[in-house]
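Both backbone and side-chain heavy atoms feed into the values below; hydrogens, waters and symmetry mates do not.
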Protein chains: 2
Amino acid sequence: MDEIEVPVRRLTFGALFREPYAHYLGWLYARLQERGFPDIRVAHSAVLRTIDAERGSRVTTLAERAGMTKQSMAYLVDSLVELDYLEIVPDPDDKRAKLARLTRRGRKLVATAGALGAEYEALLAGRIGADEMAELRRLLTIVVDALPGWTPGEGGEDK
Amino acid sequence: MDEIEVPVRRLTFGALFREPYAHYLGWLYARLQERGFPDIRVAHSAVLRTIDAERGSRVTTLAERAGMTKQSMAYLVDSLVELDYLEIVPDPDDKRAKLARLTRRGRKLVATAGALGAEYEALLAGRIGADEMAELRRLLTIVVDALPGWTPGEGGEDK
DNA sequence: CTATTTAGACAGTTATTCTGACCATACCGC
DNA sequence: GCGGTATGGTCAGAATAACTGTCTAAATAG
């Protein structure tokens, strides 16, 4: 008896990570737009993910954490200041330095983005099942913890 | 007896997908550079992932598949022609149209990138264990299959 | 107190993507 | 087989997102 060939899709490794992430990004920024943050762009997340939410952070610190140049980070911070998500205050500890700090609106944005992340996760759990979602989270956490210090070509950046 | 608090890191949902993907991208392009493709950039992958490897594809088709405008895709195709990864030939089926087709070098690039994807997967399996890797692949495949047609805000793009 | 390091700013460049306006060819209805 | 619409592609211009290089001012180490 011949077997019927069941074409089990073997996605390329890149697609496995890229497609879920791309979908999540598209969803997230669409929701942010609806919820009163139409002017926020993906690049801004490099700032929002790395900033000290209470005290604020120096551009230099943000640049290091995000793995980009000071100039590039300064550009992003400027644009967030323009949009009233950040304000610049002098750093009391160093007269050369300034702190970029979240405004009220900035804090709302960060809170909303966090809630949306959880919302997406719940949505996905609804599609694939809560058990599978928990297992996926477990495995991805293991992966993330296994990453640091692999290749000399670095790899702490993103979009 | 008091429990000792074990701080189980709960990563944000975004980080769960972003960090592995970013690490993979950094690794992949560092390896491509070493293996004779120093001039290839992340944006080019939108072309290489979507092109018909034998026949070649029209810019319009590539743009649709990659979820970008014809103009943007034309820019990427141009740059790959410049770098001798693609060549432009007339489409025999339509006198208006042209096909972008892989050159010998282009075919080598695609083959190398595919092999590197598998290599990275093996490397990761070595770190987290083959069983866990198989489970991760299973779950991510489920996720990718569950994605299409969610949000009106689309979501088929990436870097 | 001087030399070095650090924080940030300014200038210029490149890459990646978008919109809008076009042109030429193909295809469809009559 | 002609006229209108759809389709494939291009040109021009702009916005965004990074980069390198240079420079000033303040802080810190000896």
Side-chain angles (χ1 to χ4, degrees), chain A residues 22 25-26 29 33 38-52 55-83 85-101 154 156-159, chain B residues 22 25-26 29 38-52 55-83 86-101 154 156-159:
Chain A
L25 274 189
Y29 284 81
Q33 184 150 354
D39 44 15
I40 208 70
R41 298 189 302 269
V42 177
H44 292 142
S45 74
V47 184
L48 303 170
R49 280 188 279 117
T50 50
I51 198 168
D52 180 323
R55 203 182 167 264
S57 304
R58 297 179 190 177
V59 166
T60 302
T61 310
L62 294 174
E64 261 166 36
R65 289 185 191 154
M68 59 183 3
T69 60
K70 295 188 291 181
Q71 292 91 326
S72 300
M73 182 52 76
Y75 160 78
L76 293 174
V77 167
D78 275 0
S79 101
L80 286 168
V81 168
E82 196 88 6
L83 299 170
Y85 292 107
L86 294 179
E87 59 190 348
I88 304 299
V89 297
D91 185 339
D93 298 350
D94 188 333
K95 272 178 208 159
R96 289 171 305 179
K98 302 168 182 179
L99 294 174
R101 202 165 55 184
E154 280 288 302
E157 294 71 44
D158 69 278
K159 259 298 169 51
Chain B
L25 274 190
Y29 284 81
D39 44 13
I40 208 71
R41 299 189 301 270
V42 176
H44 292 143
S45 75
V47 184
L48 303 170
R49 278 188 280 115
T50 50
I51 197 168
D52 180 322
R55 204 182 167 264
S57 304
R58 296 179 189 176
V59 166
T60 302
T61 310
L62 294 174
E64 261 168 35
R65 289 186 191 154
M68 60 184 358
T69 61
K70 296 186 290 180
Q71 293 92 324
S72 300
M73 181 51 76
Y75 161 78
L76 293 174
V77 166
D78 275 359
S79 99
L80 285 168
V81 167
E82 197 87 6
L83 299 170
L86 293 180
E87 58 188 350
I88 304 298
V89 298
D91 185 338
D93 298 351
D94 188 333
K95 272 179 207 160
R96 291 170 304 179
K98 301 168 184 180
L99 293 175
R101 203 165 55 182
E154 279 290 302
E157 292 71 43
D158 68 276
K159 261 295 172 50

(request) Using salt bridge (charged side-chain N to carboxylate O under 4.0 Å, His left out) as the criterion, list what pairs up with A:Glu64, not counting sequence neighbours. (result) none
(request) Rounded to the nearest angstrom, tell me the gap between atom CG in A:Leu62 and atom P in D:dA18. (result) 14 Å
(request) Could you list the residues that satisfy side chain to side chain contact (heavy atoms under 4.5 Å, CB included) with A:Val47, not counting sequence neighbours? (result) A:Leu62, A:Met73, A:Leu76, A:Val77, A:Leu80, A:Leu86
(request) Would you mind reporting whether A:Pro38 and A:Gln33 have side-chain heavy atoms less than 4.5 Å apart? (result) yes
(request) Could you tell me which residues satisfy side chain to side chain donor-acceptor pair (under 3.5 Å) with B:Ser72, sequence neighbours excluded, listed by chain and number? (result) B:Thr69
(request) List in chain and number order the residues that pass side chain to side chain contact (heavy atoms under 4.5 Å, CB included) with A:Asp52, two or more places apart in sequence or in another chain; answer none if no residue qualifies. (result) A:Glu54, A:Arg55, A:Ser57
(request) Quickly work out the B:Met73 CE to D:dG8 P distance and round it to whole Å. (result) 14 Å
(message) Taking side chain to side chain contact (heavy atoms under 4.5 Å, CB included) as the definition, give me every residue that meets it alongside A:Asp39, ordered by chain and number, with sequence neighbours left out.
(response) A:Leu83, A:Tyr85, A:Arg105
(request) Quick one: list whatever passes side chain to side chain contact (heavy atoms under 4.5 Å, CB included) with A:Ala97, sequence neighbours left out. (result) A:Arg58, A:Asp91, A:Asp94
(message) Does C:dT16 have its OP1 or OP2 closer than 4.0 Å to a side-chain nitrogen or oxygen of B:Ser72?
(response) no
(request) Find the bend of the helix from C:dC1-D:dG30 to C:dC30-D:dG1 as the angle between its two terminal axes (five pairs each), to the nearest 10°. (result) 30°
(message) Tell me every residue that passes side chain to side chain donor-acceptor pair (under 3.5 Å) with B:Thr61, counting only those two or more places apart in sequence or in another chain.
(response) none
(message) Quick check for you: among C:dT25, C:dT16, D:dC19, whose closest atom lies nearest to any side-chain atom of A:Met68?
(response) D:dC19
(request) Mark up nucleotides 3-10 of chain C, 5' to 3', with B wherever a protein heavy atom is under 4.0 angstrom from a base atom, S wherever such an atom reaches only the sugar-phosphate, and - elsewhere. (result) ---BBBBB
(message) Judged by each residue's nearest nucleotide on DNA chain D, which is more toward the 5′ side, A:His44 or A:Asp93?
(response) A:His44
